[in-house]
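Just so you know, ligand 1 is whichever comes first in the structure, and atom 1 is the first atom listed for that ligand. These values consider heavy atoms only, across backbone and side chains, with no hydrogens, waters or symmetry-generated copies.
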Amino acid sequence: MPKSVNTIIERFNEKNIRLTPQRICVYQFLLENRIHPTVDTVYTHLKKSNPSLSKTTIYNTIDALSSAGLIRTIIANEGEARLDAYTDFHGHFFCEKCGLVTDFCLDGCSFPDQIDGFEMKTIEVRATGTCPNCR
Ligand SMILES: [Zn+2]
Ligand SMILES: [Zn+2]
């Protein structure tokens with residue numbers, strides 16, 4: 001699902017985050033590649049078209065996007081951090097064989113907004129098993 005740069009600029013403005021070419025580039029990559037990549041995967045892909053890109057820049061950029069709430073980190077099998085630019089509520093399926101992380105829709109499911117006595121920040125739905133390719 002390609003996102004126009006205008007949409008990206010709007011979202012950055014909504015979140016009050018400064019626009020830099022690196023931030024736009026990383027955010028666009030994550031929106032267009034809904035593969036929940038690791039930081040390393042993002043770096044490897046973007047390095048091809050931006051040879052001067054450093055890993056530090058990528059880490060700083062991802063930190064800035066996360067702090068602004070534009071992206072989030074999900075923890076995959078073996079504690080690997082994977083990035084998601086889709087912050088709407090959805091579930092994640094983790095393939096135990098190839099490491100694939102896929103979204104699934106939770107529309108129509110009901111979950112509590114609060115749990116008595118606790119201050120809940122996030123709620124997650126994770127499924128594990130084998131993806132169609134690995135079956
Ligand atoms: Zn798989
Ligand atoms: Zn996701």
Crowding at CG, Asp113 (>12 non-hydrogen neighbours, <6.0 Å):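 Count not over threshold, so no.
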
Using atom types as modelled and distance alone, determine if a side-chain donor or acceptor of Ser67 lies under 3.5 Å from a backbone N or O of Asp63.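 Here the side-chain-to-backbone pair exists.
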
Within less than 2.8 Å of the Zn ion (ligand 1), how many protein N/O/S atoms are there? 4

Test your reading of the model: is there a side-chain donor-acceptor pair from Arg23 to the backbone of Arg18, 3.5 Å cut-off?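 The answer is yes, because a donor-acceptor pair under 3.5 Å joins these two groups.
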
Only pairs under 3.5 Å count here: list side-chain donor-acceptor contacts from residues 115-135, not counting sequence neighbours, and write none if there are none.
unit_1, atom_1, unit_2, atom_2, d
Arg126, NH1, Ile75, O, 2.8
Arg126, NH2, Ile75, O, 3.0

For Glu80, which residues count as a salt bridge (Lys or Arg N to Asp or Glu O under 4.0 Å) partner, sequence neighbours excluded?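 Salt bridge (Lys or Arg N to Asp or Glu O under 4.0 Å) list for Glu80, sorted by chain: Arg82.
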
Is it the case that atom CD in Glu78 sees more than 12 heavy atoms from other parts of the structure closer than 6.0 Å? no

Close aromatic pair by centroid cut-off 6.0 Å: His92 and Phe104: no

Using the rule side chain to side chain donor-acceptor pair (under 3.5 Å), only one of Thr73, Thr41, Asp103 pairs with His36; which is it?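 It is Asp103; the other options fail the test.
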
Just do the side chain to side chain donor-acceptor pair (under 3.5 Å) check on Tyr27 and Arg11 with the steps written out, would you? CA-CA 10 Å; Tyr27 188 55; Arg11 290 204 187 154; 2.9 Å; yes

Distance filter under 2.8 Å, centred on the Zn ion (ligand 2) - protein N, O or S atoms that pass it: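 Correct list: His36 NE2, Asp84 OD2, His90 NE2, His92 NE2, Asp103 OD1.
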
